[in-house]
There are 2 protein chains.
Amino acid sequence: MDHVEKIIGHAEQQCKAHGVRLTVKRKQVLAGLIQSDKALSAYEIVDFCTRHYGQTMPAMSVYRILEFLEHEHLVHKLSLANKYVACAHISCGHAHAVPQFLICRQCSKVKEISIQPATIAELRQSVNEAGFKLVTTQLEMNCLCEGCIAQAA
Amino acid sequence: MDHVEKIIGHAEQQCKAHGVRLTVKRKQVLAGLIQSDKALSAYEIVDFCTRHYGQTMPAMSVYRILEFLEHEHLVHKLSLANKYVACAHISCGHAHAVPQFLICRQCSKVKEISIQPATIAELRQSVNEAGFKLVTTQLEMNCLCEGCIAQAA
DNA sequence: ACGACAAATGATATGTTGTAACATGCTACA
DNA sequence: TGTAGCATGTTACAACATATCATTTGTCGT
């Protein structure tokens, strides 16, 4: 049982606990995202599934499935890039803070981090002073990853 | 000479100083964004210009013009919302730090703020620790504005 | 096991956002 | 005034996303 399957297993447990089903198609989409070390667009997922599982996966289904997986906190949507990533903490088995995402502009590689609560609090404070309220502390930041920095140098 | 025209005047000076031209069409697009208190999509700008200036403005032109205006730091693209706003500081006449944007999820109203340099430094530090490098400190945050908070209550 | 209901997926159409490529027009300057 | 370069027009299409209704599949009570 490889790495990916293990994570899928965890995800399945989580879904069962919530009284929802992790169907075959949903597993396929989630597995695609887990295997990928970078964020994928919905249509890249379509291609992946169509190539790997021998039948065409309609875009409509992928969007529906992504919505489901996002709702179950198994994937995150990155609005900065219009792409999707598997949650980095499916297997941890405990609750997590809202994550922040570092997205490589060059290659779409994504790192999920947790910045200091104090820093978050400072941000929230600045937002409040401006008369707005933060809806989510999920931040997305335009970055370059190690690999792409090295390559550019 | 009203508020909008004054800002356009400043923008024109800036362009002249850079040896580029703020043409009629470019002024129309910029004026549309300045008049709007919220972020507009490219196609909303198309509609605005077509309605206000009596001839249809092709989407292609709007995208080209937005690219130009962004390059001149007269507008900002908000990737979180796929929308565009006029820079809040065109008339200030002095250099500004990279801004952060609070975007109302509900109504697209945007506030441009400058968060504490210390907070920015903490963020950059967290990013570096993860092995990435921040490409820009332009942050975009999902928020609710005062009006929409009041309405929701 | 069976029927009925709900959930999931299929199929088709369409809306929204953005770019490519090439033609035409405008402006400034030699 | 000619011309080179920039700006805009035009058309086509790629990429991203949602709406709607039909069909299939899974679950549950009987």
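Residue numbers start from 1 in every chain, and the chains themselves are labelled A, B, ... in the order their sequence lines are given, proteins ahead of strands.
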Could you give the [atom1]-to-[atom2] distance, from [X] to [N], as a whole number of Å?
{"X": "A/K25", "N": "D/dT24", "atom1": "NZ", "atom2": "P", "result": "14 Å"}
{"X": "A/D47", "N": "D/dA15", "atom1": "CG", "atom2": "C1'", "result": "12 Å"}
{"X": "A/Y63", "N": "C/dT17", "atom1": "OH", "atom2": "C1'", "result": "11 Å"}
{"X": "A/L40", "N": "D/dA15", "atom1": "CG", "atom2": "C1'", "result": "15 Å"}
{"X": "A/E44", "N": "D/dA14", "atom1": "CD", "atom2": "C1'", "result": "14 Å"}
{"X": "A/H71", "N": "C/dA7", "atom1": "NE2", "atom2": "P", "result": "13 Å"}
{"X": "A/Y53", "N": "C/dG10", "atom1": "OH", "atom2": "C1'", "result": "19 Å"}
{"X": "B/K83", "N": "C/dT17", "atom1": "NZ", "atom2": "P", "result": "6 Å"}

Any residue meeting side chain to side chain contact (heavy atoms under 4.5 Å, CB included) with B/T56, in chain and number order, not counting sequence neighbours: B/T50
Between [X] and [N], does any side-chain N or O lie under 4.0 Å from OP1 or OP2?
{"X": "B/N82", "N": "C/dT16", "value": "no"}
{"X": "B/S41", "N": "C/dT17", "value": "yes"}
{"X": "A/Y84", "N": "D/dC16", "value": "no"}
{"X": "A/R26", "N": "C/dT9", "value": "yes"}

CG-SG distance between B/L144 and B/C104, expressed to the nearest 0.5 angstrom: 5.0 Å
Under-4.0 Å salt bridge between B/E44 and B/K83: yes
SB check A/E12 A/K27 (cutoff 4.0 Å): yes
Donor-acceptor contact below 3.5 Å, side chain B/K111 vs main chain A/A130: yes
Heavy atoms from C-beta onward define the side chain here; which of [options] lies closest to that of [X]?
{"X": "B/P58", "options": "D/dT10, D/dA19, C/dT17", "value": "D/dT10"}
{"X": "A/S61", "options": "D/dA17, C/dT9, D/dT8", "value": "C/dT9"}
{"X": "B/M60", "options": "C/dA11, D/dA17, C/dT19", "value": "C/dT19"}
{"X": "A/A42", "options": "C/dT9, C/dT17, D/dA17", "value": "D/dA17"}
{"X": "B/I65", "options": "C/dT19, D/dT8, D/dA17", "value": "D/dT8"}

Base of C/dG15 paired with side chain of B/Y43 (donor-acceptor, under 3.5 Å): no
Check: C/dG10 base within 3.5 Å donor-acceptor of A/R64 side chain: yes
Sugar-phosphate, base or nothing in reach of A/K77, heavy atoms under 4.0 Å: sugar-phosphate
Sugar-phosphate, base or nothing in reach of A/R21, heavy atoms under 4.0 Å: sugar-phosphate
Exceeds 12 heavy-atom contacts within 6.0 angstrom, atom CD of B/E70: yes
